[in-house]
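Residue numbers run from 1 in the order of the sequence given. Values in this document were obtained by computation on a predicted structure and should not be read as measured data.
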Amino acid sequence: FSDITETSATLKWNKVPGATSYRIHYTNSSTGYSATTTSATETVKLTSLGKGAVYKVKISALNTSKKITGNYSDVFTFTTSPAAVKITKAEANSEAQVSLAWTSSPGASGYTIYYGKADAQGNVASFSEAGSLTYTYATITNLAPASTYVFKVVAFTKVSSGIAYSAETLTDKIFIP
């Protein structure tokens, strides 16, 4: 699998001798959605997939008569990236802390929060990780007074090849009095 996003995944496999095309059958484990597509090459891009969803895939090789040659492949599993969150609260609540809240992302295992100090023009040169958690709110402490910050939240889910991340969601600039 490669190029897995919130709603698509590209599959690649080795050529099967005698095959002129391939039938790809995939199923969403949680909804039961099932579909089949074909490909004349050893690559296919599956689209319109669910965000943060687990899919099972099996592939069969077809001959010129469109009959299966050999057996189905092993069943492979992949997970699409979770949906980006929507920040619902981002406010300074004391001289050195900011409270954040965001919507949950279906299929996410957790969320990572980053913060960056903005310069006089409002640009952030780099972000630091504030932490990762499984709930949809956080209070970031020990911020510098009389400074402006931008925060971002990224949903993630654990997948067989590591971790899949959502697109990042940034706050507006927040001034710490």
From Lys58 atom NZ to Asn71 atom CG, the distance as rounded to the nearest 0.5 Å: 11.0 Å

Val54, Val57: one ILVMFWY side-chain cluster at the under-4.5 Å cut-off? no

Out of curiosity, Arg23 CZ to Lys67 NZ, how far, rounded to the nearest 0.5 Å? 11.5 Å

Determine whether Ser99 and Asn93 satisfy the following criterion, side chain to side chain donor-acceptor pair (under 3.5 Å), listing intermediate values before the conclusion. CA-CA 7 Å; Ser99 292; Asn93 56 13; 2.4 Å; yes

Smallest heavy-atom separation, Lys66 atom then Ser21 atom, equals NZ-OG, 3.5 Å

d(Thr112 OG1, Tyr165 OH) to nearest 0.5 Å is 6.0 Å

If only atom types and distance count, is the side chain of Thr136 paired as donor or acceptor with the main-chain N or O of Ala101 below 3.5 Å? no

Hey, would you say the Tyr135 and Tyr137 ring centroids sit under 6.0 Å apart? yes

Any heavy-atom pair between the side chains of Tyr26 and Leu49 that's under 4.5 Å? yes

Under the side chain to side chain donor-acceptor pair (under 3.5 Å) test, residues paired with Tyr22 that sit two or more places apart: Glu42

Please confirm whether the backbone N or O of Pro145 pairs with a side-chain atom of Ser147, one donor and one acceptor, at under 3.5 Å? yes

With a 3.5 Å distance limit and no angle check, can you tell me whether Ser105 reaches the backbone of Ala84 through a side-chain donor-acceptor pair? no

Return yes if some donor-acceptor pair links the side-chain N/O of Ser39 with the main-chain N/O of Val44 below 3.5 Å, else return no. no

Begin from the C-alpha positions of Lys86 and Thr103 and carry the test side chain to side chain contact (heavy atoms under 4.5 Å, CB included) through to its verdict. CA-CA 5 Å; Lys86 179 180 178 190; Thr103 58; 3.7 Å; yes

Do the side chains of Phe127 and Val153 join up, straight or via other hydrophobic residues, at under 4.5 Å, putting them in one cluster? no

May I ask you to check whether over 12 heavy atoms, not counting those of Asn123, lie within 6.0 Å of atom CG? yes

Does some side-chain heavy atom of Thr7 sit less than 4.5 Å from a side-chain heavy atom of Thr47? no

Would Thr20 and Thr64 count as a side chain to side chain donor-acceptor pair (under 3.5 Å) if you check the C-alpha gap in whole Å, the side-chain angles of each, and the deciding distance to 0.1 Å? CA-CA 6 Å; Thr20 57; Thr64 54; 5.6 Å; no

Cationic tip of Lys56 above Phe76 ring, under 6.0 Å, 45° of axis: no

Once you round to the nearest 0.5 Å, how far does NZ of Lys12 lie from NZ of Lys45? 11.0 Å

Transitive ILVMFWY cluster of Tyr72, excluding itself - 4.5 Å side-chain cut-off: Leu62, Ile68

Heavy atoms, side chains only, cut-off 4.5 Å: are Tyr114 and Val124 in contact? no

Are Leu143 and Ile87 linked, directly or through intermediate hydrophobic residues, by side-chain heavy-atom contacts shorter than 4.5 Å (ILVMFWY only)? yes

Pairwise side-chain contact, Ile24 with Thr36, heavy-atom cut-off 4.5 Å (strictly under): no

Check: Ser132 and Phe156 side chains under 4.5 Å, non-hydrogen atoms: yes

Which atoms form the tightest heavy-atom contact between Pro82 and Pro106, and what is the distance? CB-O, 4.2 Å

Side chain to side chain contact (heavy atoms under 4.5 Å, CB included) between Tyr115 and Val98: does it pass, once the steps are laid out? CA-CA 10 Å; Tyr115 66 97; Val98 166; over 6 Å; no

If I take atom OH from residue Tyr111 and atom CG from residue Leu100, how far apart are they, to the nearest 0.5 angstrom? 14.0 Å

Of all heavy-atom pairs linking Ala92 and Ile174, the shortest is N-CG2, 3.9 Å

Is there a continuous path of hydrophobic side-chain contacts, each under 4.5 Å between heavy atoms, that joins Val150 to Trp102? no

Locate the shortest heavy-atom distance separating Thr43 from Trp13; write the atom from each residue and the value. N-CH2, 3.8 Å

Quick one: are Leu133 and Ile113 in side-chain contact, heavy atoms under 4.5 Å? yes

Given side chain to side chain contact (heavy atoms under 4.5 Å, CB included), test Ile176 with Thr148 step by step and report yes or no. CA-CA 6 Å; Ile176 308 301; Thr148 301; over 6 Å; no

Answer yes or no: is there a donor N or O on one side and an acceptor on the other, between the side chain of Ser166 and the main chain of Ala155, under 3.5 Å? yes

Is there side-chain contact between Thr79 and Tyr55, with heavy atoms separated by less than 4.5 Å? no

Taking the side chain as everything from C-beta on, heavy atoms only, tell me whether His25 gets closer than 4.5 Å to Ser34. yes

Give the intermediate values and the outcome of side chain to side chain contact (heavy atoms under 4.5 Å, CB included) for residues Tyr33 and Thr27. CA-CA 6 Å; Tyr33 173 80; Thr27 304; over 6 Å; no

Minimum heavy-atom separation for Ala144 and Lys117, please, with both atom names. CB-NZ, 4.0 Å

Rounded to the nearest 0.5 Å, what separates atom OG1 in Thr5 from atom NZ in Lys51? 9.5 Å

Indicate yes or no for a side-chain donor-acceptor contact from Thr80 to the backbone of Ala53 under 3.5 Å, with no hydrogens or angles considered. yes

Might you point out which heavy atoms bring Ala9 and Ile4 nearest each other, and give the distance in Å? CB-CG1, 3.9 Å

